[in-house]
Protein chains: 2
Amino acid sequence: MNKIFPNIGSERETDRLMFSLVHAASELEKRYEAALFPEGLTGPKFAALSKLVLAGRPLSLGELAGELTCVRSNITQLVDRLEADGYVVRLVDETDRRTVLASITELGLAHQKAGAKRVEELLEALSESLKGIDLDAFGKVLSVINLTGT
Amino acid sequence: MNKIFPNIGSERETDRLMFSLVHAASELEKRYEAALFPEGLTGPKFAALSKLVLAGRPLSLGELAGELTCVRSNITQLVDRLEADGYVVRLVDETDRRTVLASITELGLAHQKAGAKRVEELLEALSESLKGIDLDAFGKVLSVINLTGT
DNA sequence: TCTTCATTATTCATATATGAATAAAATATT
DNA sequence: AATATTTTATTCATATATGAATAATGAAGA
């Protein structure tokens, strides 16, 4: 599904560029997901595992929700699936019995590592294909859009 | 949820740019959805209604799926919701009784028009804030990424 | 014509996302 | 200490997306 701008065929240059930008982003996401697929991972699963690896310790589901900027109930479900995959286990935090910790398993670690390698290859290839292009102007436009209040 | 690139804090410039690109796209989408919300529309609902308006005739669900580049079962559900909203009605195609046509209602038309106005305002504002920026280089980078096979 | 094949939409299972309502536990207030 | 509030995760309802399996209909070929 084209999530945005049903492409009414606008004349304005910025319209076409914004359409193209959204398309490029979704293209990137597709390649990213495709890179992770052989390792039994999806984008959200890899993101969660990567946060655990980066932290180097079990994280509470609330912390994970914060890191991944999403709602708690989302993490509950994601961790359900990761647990079903055997990539993560739930632990109770004995210092605060409300808290549930997600702890990455050996299997999860192995898959995260493999996924990270694939993603690195993807970014490396992308970097290669963008060689010799003026990225400064690109960054400037992005920063304008990224100013959240326009 | 950060759909992509769990932001491991890479040094490579292109990595940061790709992250920024995905972020910009999701920012745009958020504003787009926010613009449509007051008109009782979401992105997918508005996209479907807009295709019907653009066509100027009822479209089969298969045609809609093609226009919106998504799977048929997705459209079945989307049209269910649009029908529940009263924005669309289902008609049987008498020339091919397998086919179901989605036909926009007066109410749907009114909401699409209102939504289109909001989106136009959003794009107008965006175009304004990008005035004076070199969009050529931007377009070039996007076109590289949009070459689906890299 | 009758059987086979293709096409259409729907249903079902699943993944991802949000937000409201709930339950359990910790903290604060009286 | 007892009550009230806050914080934690889960459950539920819903929206959006995919893909596999199914049912109904149409088209092609024997």
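Naming convention: chains lettered A, B, ... in sequence-line order (proteins, then strands); numbering from 1 in each chain.
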For this session: Show your working on side-chain hydrogen bond (donor to acceptor under 3.5 Å, both in side chains) between S50(A) and Q112(A) and close with a plain yes or no.
Result: CA-CA 7 Å; S50(A) 296; Q112(A) 192 279 337; 3.0 Å; yes
Exercise. Roughly, in whole Å, what's the span from NZ in K45(B) to P in dA17(D)?
Worked result: 12 Å
For this session: Grab the CG-P distance between L41(B) and dT16(D) for me, whole Å please.
Result: 10 Å
Exercise. Quick one: CG on L59(A) to NZ on K51(A), what's the gap to the nearest 0.5 Å?
Worked result: 9.5 Å
Problem set entry | Straight-line distance of L61(B) CG to L101(B) CG, nearest 0.5 Å | 8.0 Å
Problem set entry | Candidate list R118(B), K45(B), K113(B), test side chain to side chain donor-acceptor pair (under 3.5 Å), partner E39(B), passing option | R118(B)
Seminar exercise, completed: Rounded to whole Å, CD of E33(A) lies from C1' of dA17(C) at a distance of 14 Å
Seminar exercise, completed: residues 65-116 of chain A vs ring-ring contact (aromatic ring centres under 6.0 Å, His included), sequence neighbours excluded, gives Y87(A)-H111(A)
Exercise. To the nearest angstrom, how far is F37(A) atom CZ from dT14(C) atom C1'?
Worked result: 14 Å
For this session: Look only at the side chain of E33(B) and the backbone of G43(B), and say whether a donor-acceptor pair between them is shorter than 3.5 Å.
Result: yes
N/O-N/O pairs, protein side and nucleotides 21-23 of chain C side, under 3.5 Å:
none

Problem set entry | Test item: L78(A) and R81(A) side chains (from C-beta on) under 4.5 Å apart, heavy atoms | yes
Problem set entry | Distance below 4.0 Å between R81(B) side-chain N/O and dT14(D) OP1 or OP2 | no
Exercise. Between atom CG in D93(A) and atom P in dT7(D), what is the gap in whole Å?
Worked result: 17 Å
Problem set entry | Under 4.0 Å protein heavy-atom contact, by nucleotide of nucleotides 4-10 of chain C - B base, S sugar-phosphate only | ---BSBB
Problem set entry | Evaluation steps, salt bridge (charged side-chain N to carboxylate O under 4.0 Å, His left out), between R57(B) and E63(B) | CA-CA 12 Å; R57(B) 62 171 178 87; E63(B) 286 174 315; 3.2 Å; yes
Problem set entry | Residues that R97(B) engages under side-chain contact (heavy atoms from CB on, under 4.5 Å), provided they are two or more places apart | E94(B)
For this session: Quickly work out the R97(A) CZ to dT27(C) C1' distance and round it to whole Å.
Result: 17 Å
For this session: Estimate the overall bend of the helix from dT1(C)-dA30(D) to dT30(C)-dA1(D) from the end axes over five pairs each, rounded to 10 degrees.
Result: 10°
For this session: Kindly say if N74(B) contacts the phosphate of dT18(D), meaning a side-chain N or O under 4.0 Å from OP1 or OP2.
Result: yes
For this session: Determine yes or no for a side-chain-to-main-chain donor-acceptor pair under 3.5 angstrom, with T105(A) supplying the side chain and G86(A) the backbone.
Result: yes
Exercise. How many Å lie between CG on L78(B) and C1' on dT18(D), as a whole number?
Worked result: 14 Å
For this session: Report the distance from atom CG of L68(A) to atom C1' of dT18(C), rounded to the nearest whole Å.
Result: 15 Å
Problem set entry | Partner residues of D96(B) under the salt bridge (charged side-chain N to carboxylate O under 4.0 Å, His left out) criterion, sequence neighbours left out | R98(B)
